[in-house]
Every structure is written in structure tokens, then in C-alpha cells.
Number of protein chains: 2
Amino acid sequence: MVKYANAMSSRASHRGARPVENALGRLARACRERGLPVTVQRRAVLEALVPRDDHPSADDLFEAVSRTVPGISRTTVYRVLETLVDLGLASRISHPGGGARFELRRGRHHHLHCARCGCVKDFTSPALEALELPRLAAHGFEVDDWSLHVTGLCADCRGRSRRTSKSRLPNPSRSEKGEKR
Amino acid sequence: MVKYANAMSSRASHRGARPVENALGRLARACRERGLPVTVQRRAVLEALVPRDDHPSADDLFEAVSRTVPGISRTTVYRVLETLVDLGLASRISHPGGGARFELRRGRHHHLHCARCGCVKDFTSPALEALELPRLAAHGFEVDDWSLHVTGLCADCRGRSRRTSKSRLPNPSRSEKGEKR
DNA sequence: ATTCATGCAAAGTGTTTGCAGTATC
DNA sequence: GATACTGCAAACACTTTGCATGAAT
């Protein structure tokens with residue numbers, strides 16, 4: 001499923017090295033501007049977020065970061081993530097059911113949300129890029145950003161059974177009783 | 001699509017009577033189809049949801065419904081809401097930070113999400129209605145529904161101070177006080 | 001040296017689950 | 001009368017907070 005362009009060296013430490021550098025550079029700059037210390041934890045969380053395209057939860061990131069910074073606490077990951085969002089380096093994305101998810105802040109992109117497995121995939125669209133938002137000024141709203149949210153079935157789930165497994169409804173059986181009252 | 005002519009009586013008890021009836025009718029039908037009992041709680045929760053356009057949380061609805069069905073439990077409200085979503089009568093909408101929000105299922109509409117106060121306003125757009133989604137098939141995705149999510153500042157918040165009050169960042173050099181909670 | 005971040009533990013939210021009793025069909 | 005729902009309490013998952021210590025500038 002996840003398929004990396006294999007143009008770079010295949011050494012794990014190289015894959016995505018440039019994006020990581022860029023991100024860390026932006027972090028350093030942002031922190032300096034605000035007078036915030038650049039801590040190992042902040043660097044590590046950001047570094048863990050960069051290569052991911054699966055919108056990890058705070059806990060996912062905690063787990064990942066724990067490998068680089070063994071003693072890090074969950075609390076810190078939460079706090080760092082909030083800071084990164086505040087600094088504009090990351091985004092907290094909506095994810096109905098379960099907790100918050102995060103992603104590195106990139107250019108405009110949209111979300112495909114699978115109703116079955118709950119995964120979220122990104123997609124971009126030059127066509128949509130040109131989309132002119134309706135006169136939201138009429139609503140008195142000051143637009144900061146926007147994106148498209150698409151729900152449906154991801155490729156994987158499309159292949160699998162049609163029956164949704166998470167519904168708590170009983171059997172939608174043919175119990176079509178005749179009307180009584 | 002959902003356009004109410006103001007042709008009805010202005011008595012409070014009448015306002016929105018038709019939509020409520022419609023919704024209850026759909027509930028009865030949906031339940032009958034699935035062989036589910038139409039309980040007072042299900043009717044009450046749906047009835048409480050119909051007139052609202054503020055995307056109430058489960059707890060908001062619990063409070064509202066408690067007035068009509070005094071003994072109802074929070075648990076039941078949660079369960080009923082899930083059922084309503086499963087039945088296609090309501091939607092659970094993403095709401096980063098805080099819990100899930102719900103809305104009556106209507107035609108396509110989009111969300112204005114205020115970054116300051118967290119409120120969510122709906123808007124519709126015939127122009128967007130005609131929007132052709134990019135070839136998502138390329139992603140193997142089967143589209144069920146889609147909507148636009150716009151973030152920014154709502155009319156109310158635009159009027160107020162520019163400083164965001166929820167940031168946990170220290171002073172961005174110049175401390176601009178005057179913000180409470 | 002100052003200021004802010006970190007880690008820990010504990011407290012908070014929001015939501016789900018097991019079970020006995022009960023309403024609806 | 002059978003089935004599924006309701007209410008209660010407890011369990012759960014996720015996130016935040018208070019405080020003492022430790023690190024970055």
C-alpha cells in the first residue's frame with residue numbers, strides 16, 4: 001500500500017532525510033522567533049511526524065518517539081504536539097471516533113475518510129486548487145483555510161465484505177412485520 | 001433543498017412542527033424496516049435534534065432530552081445517537097477537540113469551523129453542488145459523500161480581539177494581555 | 001541565571017460495556 | 001411472549017493539570 005518512490009538510497013536513515021532537515025530547520029526558526037527552547041523532545045516528535053502519511057494519533061507518535069527518546073512521557077508528546085500546531089508546523093485533523101490525529105503541515109490537500117476502517121488518506125487536486133470559495137463573507141466568516149472531506153470506502157475495504165462490522169444494529173433481517181396499530 | 005416557507009403558525013409549539021413530524025416518520029419507517037422498536041427515547045432524541053442547527057454534542061442533547069424524558073440516561077442518548085447515525089437519520093461530524101457532534105442528516109452542506117470559539121456553522125452552495133470531484137477512482141476510493149471544511153474566524157470572533165486565547169505558547173515577545181477565559 | 005519544558009501522578013472529559021429489569025412489537 | 005432497549009455503575013480511552021525537577025538560551 002504505502003509505496004515510496006525509490007529514487008533515493010534505500011538506507012532507512014536516508015529515506016526522507018531532506019524533509020526532516022527542512023522541518024527541523026523550520027522548527028528552529030519558529031522557536032527562535034518566539035523565544036522558545038528547541039528541546040530534544042520537540043525535535044524528536046517533529047522528526048517522527050515528518051515521514052508519516054497515516055495521520056498518527058498522539059499515542060502512535062508517543063510510541064514512535066519512544067524509540068528515539070526512550071524516557072519521553074506521553075504528556076510531553078501531547079504538549080509538544082500542541083506546540084507544533086501552534087507554531088504552524090503541524091495540523092490537528094478531525095477524526096470522528098477515537099482521538100485526535102496529526103499531520104505535518106503541508107500545502108493544501110484533502111482527506112479521504114474510510115467509513116469502514118477509519119483510515120484517512122490524503123489527496124491533492126490542482127483542479128480544486130483553483131476552486132473559488134462561495135462568498136463566505138456573506139456569513140461574516142473570515143476564511144483561513146479550507147479542504148475537502150470525502151467519506152466512503154478505501155481501496156482495501158472495498159475489496160472486503162460489504163457488511164459493515166462496526167454497526168451495533170441487530171440483524172437487518174427480513175423481519176418486515178406487517179403494520180400493526 | 002431544506003427551505004422552510006414561513007407559512008406556518010408562529011406559535012412556539014408549532015415552529016418546526018413539520019420537520020419534526022417528517023423526522024419521526026422517517027424514524028418509524030427506518031425502524032420498521034430493520035425490525036427495531038420505536039422507543040420513546042429514540043423519538044425524543046431525534047425530536048431534540050431536529051430543530052438544532054448548532055451541532056450539539058451528545059451531552060447537549062442529553063440535557064435537552066432530559067426535559068422531555070426526565071429519567072433518560074446519558075448512556076441511552078449515546079446509544080440512540082449511534083443508532084440514528086446507523087439508520088442514516090443523523091450524522092456524526094468531526095470536531096477536533098472536545099467530543100463528537102451531531103446533526104440531523106440533510107442535503108449537502110459545508111462547515112465553517114471557527115478556530116477561536118470552536119463553533120461550527122453550516123453553509124450551502126449551489127456552485128459547489130456542481131463541483132466535479134477529481135478522479136478519486138485513481139485512489140481506489142469509493143465516494144459516498146463529501147463536503148467542504150472551512151476554518152477561520154466566525155463573525156462573532158472576528159469582532160473580538162485578535163489574540164487567540166487558547167494558545168499555550170508564552171508571550172510572543174510583546175505580551176498583549178487582556179485575555180481571560 | 002532565568003525562563004520554560006519535562007516527567008510523574010492524578011484528575012478530568014467523553015464514551016463504552018456488563019448486567020438486570022423493562023418496554024416494544 | 002420474544003427480542004431488543006433502557007438505566008445504572010463501573011470500566012475505558014484520551015487528554016489535561018499541578019508540581020518539583022531539569023534543560024535550553
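Each chain gets a letter, A, B and so on, in the order the sequences are listed, and its residues count up from 1.
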Asks: Just how far, in rounded Å, is P of D:dC14 from CZ of A:Phe62?
Replies: 13 Å
Asks: What do the steps show when you test B:Asp145 against B:Arg108 for salt bridge (charged side-chain N to carboxylate O under 4.0 Å, His left out), and what is the final call?
Replies: CA-CA 8 Å; B:Asp145 193 16; B:Arg108 184 185 317 291; 2.9 Å; yes
Asks: Which residue pairs pass the salt bridge (Lys or Arg N to Asp or Glu O under 4.0 Å) test with at least one member in residues 65-76 of chain A, sequence neighbours excluded?
Replies: A:Asp59-A:Arg74
Asks: Starting from P on D:dT15, measure out to CG on A:Asp60 and report it in whole angstrom.
Replies: 10 Å
Asks: Do the side-chain N and O atoms of B:Asp60 and B:His55 include a donor-acceptor pair separated by under 3.5 angstrom?
Replies: no
Asks: Taking the ring of B:His111 and the ring of A:Trp146, is the distance between their centroids below 6.0 Å?
Replies: no
Asks: Grab the CG-P distance between B:Leu81 and C:dG14 for me, whole Å please.
Replies: 14 Å
Asks: Atom pairs, N/O to N/O, protein against nucleotides 18-24 of chain C, distance under 3.5 Å?
Replies:
none

Asks: Answer yes when A:Arg18 and A:Glu21 have at least one side-chain N-carboxylate O distance shorter than 4.0 Å, and no when they do not.
Replies: yes
Asks: Just by distance, with hydrogens left out, do A:Asp86 and A:Thr83 show a side-chain donor and acceptor under 3.5 Å apart?
Replies: no
Asks: Could you state the CG-P distance from A:Asp59 to D:dT16, rounded to the nearest angstrom?
Replies: 13 Å
Asks: Side chain of B:Ser73 only, please: which of D:dG7, D:dT15, D:dT6 is the nearest?
Replies: D:dG7
Asks: Could you state the CZ-C1' distance from A:Arg43 to C:dT6, rounded to the nearest angstrom?
Replies: 17 Å
Asks: Please state how far atom CG in A:Leu27 lies from atom C1' in C:dA5, giving the value in whole angstrom units.
Replies: 13 Å
Asks: Given B:Leu27, which of B:Leu87, B:Val45, B:Asn22 fulfils the side chain to side chain contact (heavy atoms under 4.5 Å, CB included) condition?
Replies: B:Leu87
Asks: Can a side chain N or O of A:Tyr78 be found less than 4.0 Å away from OP1 or OP2 on D:dT16?
Replies: no
Asks: What integer distance in Å separates B:Arg101:CZ from C:dT15:C1'?
Replies: 15 Å
Asks: Rounded off to whole Å, could you give me the CD1-to-P distance for the A:Ile72 and C:dG7 pair?
Replies: 6 Å
Asks: For DNA chain C, whose closest nucleotide is more 5', that of B:Arg92 or that of A:Gln41?
Replies: A:Gln41
